[in-house]
Amino acid sequence: MGKLYNENSIESLSPLEFTRLRPGVYAGDTTYSTQLLVEIISNAVDEFRLGHGNRIDVNIYKDVVEVIDYGQGFIPNSFRDDGKTILEAAFSVLNTSGKYREDGTYEGTSLGSFGIGSKITNYLSHWLEVMTYRDGQYEEIYFKEGEFSKRKTGTISHSSGTKVKWQPSEEFFTHTEVEIEKVRSLFKTISCLCAGLTIHLDYNGKEETFYSKNGIDDLVTDAVKDTELLRNRFKMNFSQGKEKLDFILTYTSKYSSTIVPYVNTGLTEKGPHITQIKTILTREFNKFFREKKWLKEKDENLTGDDIQEGAYIVFNLTAAGVSYDAQVKSTVTKVEMKSSLQALAENLNIWFQNNEKEIKIIADKALSARKAREAAKKAREATREKAKKKEKALKFDSKLADCYSKDRLKCEIYVTEGK
């Protein structure tokens, strides 16, 4: 007989207890502690994007990590009704954030949007120290195993900013250190998505600075290198209210396509934003190809895969109220980007008109892709037909049957009179 459900079957865990029991729910992969750094650096990037501070310092010694931003900082020594200061609650009380409302300071377009990131960094560390300063005052909070330990306050000459330092716990991570190459790649990307931001990294005494003049254009250049087919890439910087879209498209000699989609500076893997952009590209390219008679009237439209063969696309969409499927934010479930899509279609057509010779290169590549696709389809169908003949011979009146052999000596027909 199986175990019976009883009054002790239901447990109530605090957010701290639940996160430490199931760290993967919020932190994703717990092989390394890299996600904790991602959470804290995201908050610092949000400050830069809001217009506060243009530098972030990251110091890593073994598995101890420190992130310093020069943003507006928290209001120091400001107590809430529950007896906690704003700073303490920001790192210990789940669902506490200044980034929920679209009419708030961050206008709903921040990467940190769940009010969870700073808490899981605290909850999954042996200790965490956070110091904030502004208006000549500072407040410093100490946490041990996720729980409040002590507070320091006083005056300070620094203008404003926040410093967070922590040591991940081996109880929750296979390796408590960060994946440094992944971190370096992240910082390079962030500096390109946030042109004008400097990130200074000190990793075990080795220093490196990340800065970009050309934004996401630098990401594309680094990726395509000498495989690029176009001299004049498609570039768009659209902004209307809270909605923004930085978009770059080029083509390479490769046969695969690459789309690198960021939303509010966070890298995503799938969602309606990618699908809708692919739809716009397929529609607008087909329309222009027909206008130029590169696609004949009797021809079917090229597929998205045909048109995107060799394409390399990087974009960063800024939008309010984005919905994700989890804290790691790799999958977007809902996003409003109507204005951005309309601007994309309009700007593509301007680019088409001004770069007809280069668009013809894309058309030729797409038409070749279609021929290859159709030839591959016919080859597959022929292979399937041969396989069917091998599987079963079709008999006629018990006298004749379809036969198959690779041996030419066996491939003869005997014509006789009668049976």
Side-chain angles (χ1 to χ4, degrees), residues 32-60 65-73 99 106 109-113 117-118 121 160-165 178-225 228 233 235-239 244-250 258-269 312-319 322 328-330:
Y32 289 86
S33 69
T34 311
Q35 186 61 30
L36 303 188
L37 174 55
V38 172
E39 298 294 348
I40 300 302
I41 203 76
S42 296
N43 292 334
V45 170
D46 285 338
E47 284 296 297
F48 167 79
R49 296 179 68 229
L50 197 63
H52 299 283
N54 60 3
R55 178 185 172 99
I56 299 171
D57 293 328
V58 180
N59 304 312
I60 303 173
V65 184
E66 180 182 58
V67 175
I68 305 170
D69 72 54
Y70 302 88
Q72 57 191 322
K99 302 176 181 178
Y106 294 86
T109 63
S110 61
L111 180 56
S113 56
S118 55
T121 305
S160 64
T162 303
K163 177 173 67 175
V164 188
K165 190 174 183 179
V178 301
E179 302 155 280
I180 190 59
E181 288 309 312
K182 187 173 181 180
V183 168
R184 293 181 69 256
S185 176
L186 172 67
F187 289 176
K188 181 177 182 179
T189 299
I190 289 175
S191 66
C192 291
L193 294 173
C194 302
L197 172 65
T198 297
I199 301 177
H200 183 265
L201 172 65
D202 185 329
Y203 178 72
N204 292 331
K206 296 180 180 179
E207 299 186 33
E208 190 171 0
T209 299
F210 301 86
Y211 180 83
S212 171
K213 277 186 178 180
N214 304 310
I216 59 174
D217 213 18
D218 287 340
L219 285 180
V220 176
T221 298
D222 186 60
V224 300
K225 294 184 171 66
E228 191 167 15
R233 301 170 182 170
K235 303 177 185 180
M236 186 182 90
N237 299 103
F238 168 75
S239 178
K244 299 176 184 177
L245 180 63
D246 295 331
F247 192 103
I248 292 186
L249 161 70
T250 191
T258 301
I259 298 180
V260 188
Y262 294 89
V263 176
N264 294 333
T265 71
L267 180 61
T268 59
E269 293 178 1
Y312 196 95
I313 299 168
V314 178
F315 70 83
N316 181 37
L317 171 68
T318 300
V322 181
V328 292
K329 301 182 178 72
S330 62

K.L.:
Are the side chain of S212 and the backbone of G215 linked by a donor-acceptor contact shorter than 3.5 Å?
P.N.:
yes
K.L.:
What closest approach, in Å, do V38 and I41 show between heavy atoms, and which atom pair accounts for it?
P.N.:
O-CG2, 3.3 Å
K.L.:
So which atom in S118 and which in I40 form the shortest heavy-atom distance, rounded to 0.1 Å?
P.N.:
CA-CD1, 4.0 Å
K.L.:
Give a yes or no on whether the backbone of P261 and the side-chain of T268 come within a donor-acceptor separation of less than 3.5 Å.
P.N.:
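Yes, T268 side chain to P261 backbone: donor-acceptor pair under 3.5 Å.
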K.L.:
Taking all non-hydrogen atoms of both residues into account, name the closest pair between N264 and T318 and its distance.
P.N.:
OD1-CA, 3.2 Å
K.L.:
Please step through side chain to side chain contact (heavy atoms under 4.5 Å, CB included) for the pair I248 and F315, ending with a clear verdict.
P.N.:
CA-CA 6 Å; I248 292 186; F315 70 83; over 6 Å; no
K.L.:
So, using ring-ring contact (aromatic ring centres under 6.0 Å, His included) as the criterion, who are the partners of Y211 when residues are at least two apart?
P.N.:
none
K.L.:
So D202 and V58, side chain to side chain contact (heavy atoms under 4.5 Å, CB included) or not? Walk me through it.
P.N.:
CA-CA 6 Å; D202 185 329; V58 180; over 6 Å; no
K.L.:
Judged by atom type as modelled, is there a donor-acceptor pair below 3.5 Å linking the side chain of E47 to the main-chain atoms of Q72?
P.N.:
yes
K.L.:
Would you sort out whether L201 and E207 count as a side chain to side chain contact (heavy atoms under 4.5 Å, CB included), showing the intermediate values?
P.N.:
CA-CA 6 Å; L201 172 65; E207 299 186 33; over 6 Å; no
K.L.:
Using 0.5 Å steps for rounding, measure from the CD atom of Q35 to the CD atom of E179.
P.N.:
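Going from CD on Q35 over to CD on E179, the span is 10.0 Å.
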K.L.:
Would you call K188-D222 a salt bridge at under 4.0 Å N-O?
P.N.:
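Between D222 and K188 there is a salt bridge, with a charged N closer than 4.0 Å to a carboxylate O.
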K.L.:
Enter the distance from I60:CD1 to K165:NZ here, rounded to the nearest 0.5 Å.
P.N.:
12.5 Å
K.L.:
Can a side-chain donor-acceptor contact be found between N316 and D246 if the only test is distance below 3.5 angstrom?
P.N.:
no
K.L.:
Just checking, any donor-acceptor pair under 3.5 angstrom between side chains of E228 and T250?
P.N.:
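Yes - a donor-acceptor pair under 3.5 Å links their side chains.
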K.L.:
With a 4.5 Å heavy-atom cut-off, do V67 and D57 have their side chains touching?
P.N.:
no
K.L.:
Using a strict cut-off of less than 4.0 Å between a Lys/Arg side-chain nitrogen and an Asp/Glu carboxylate oxygen, indicate whether D218 and K213 qualify as a salt bridge.
P.N.:
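A salt bridge is absent here (no side-chain N lies under 4.0 Å from a carboxylate O).
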K.L.:
Under the 3.5 angstrom rule, does the side chain of S160 hit a backbone N or O of G71 as a donor-acceptor pair?
P.N.:
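Yes; at least one donor-acceptor contact below 3.5 Å.
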K.L.:
Which atoms form the tightest heavy-atom contact between V45 and C194, and what is the distance?
P.N.:
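Scanning both residues, the minimum pair turns out to be CG1-SG, 3.8 Å.
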K.L.:
Mind telling me whether F187 and F210 have parallel, tilted or perpendicular rings, with 30° and 60° as the class edges?
P.N.:
perpendicular
K.L.:
With the side chain counted from C-beta on, respond yes when I190 and L197 share a heavy-atom pair under 4.5 Å apart, and no when they do not.
P.N.:
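I190 vs L197: side chains touch.
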K.L.:
Could you check if a side-chain atom of L317 sits within less than 4.5 angstrom of a side-chain atom of F247, using non-hydrogen atoms only?
P.N.:
no
K.L.:
What heavy-atom pair brings T265 and Y262 nearest, and what distance separates the two atoms?
P.N.:
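Reported closest heavy-atom pair: O-CD2, 3.8 Å.
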K.L.:
Check whether any side-chain heavy atom of E66 lies under 4.5 Å from a side-chain heavy atom of I68, and answer yes or no.
P.N.:
yes
K.L.:
Which heavy atom of T162 sits nearest a heavy atom of G73, and at what distance?
P.N.:
OG1-CA, 3.6 Å
K.L.:
Would you please say whether a donor-acceptor pair under 3.5 Å links the side chains of T221 and R233?
P.N.:
yes
K.L.:
For D217 and K235: C-alpha separation, side-chain torsions, deciding distance, then whether side chain to side chain contact (heavy atoms under 4.5 Å, CB included) applies.
P.N.:
CA-CA 8 Å; D217 213 18; K235 303 177 185 180; 2.8 Å; yes
K.L.:
I'd like to check T209 versus I199 (side-chain heavy atoms, cut-off strictly below 4.5 Å). Are they in contact?
P.N.:
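No, every pair of side-chain atoms sits at 4.5 Å or beyond.
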K.L.:
How would you list, by chain and number, every residue that makes a ring-ring contact (aromatic ring centres under 6.0 Å, His included) with F48, sequence neighbours excluded?
P.N.:
none
K.L.:
Does any donor atom in the side chain of E39 or T121 lie under 3.5 Å from an acceptor atom in the other side chain?
P.N.:
no
K.L.:
Are T198 and N54 packed together at the side-chain level, in the sense that at least one heavy-atom pair is separated by less than 4.5 angstrom?
P.N.:
no
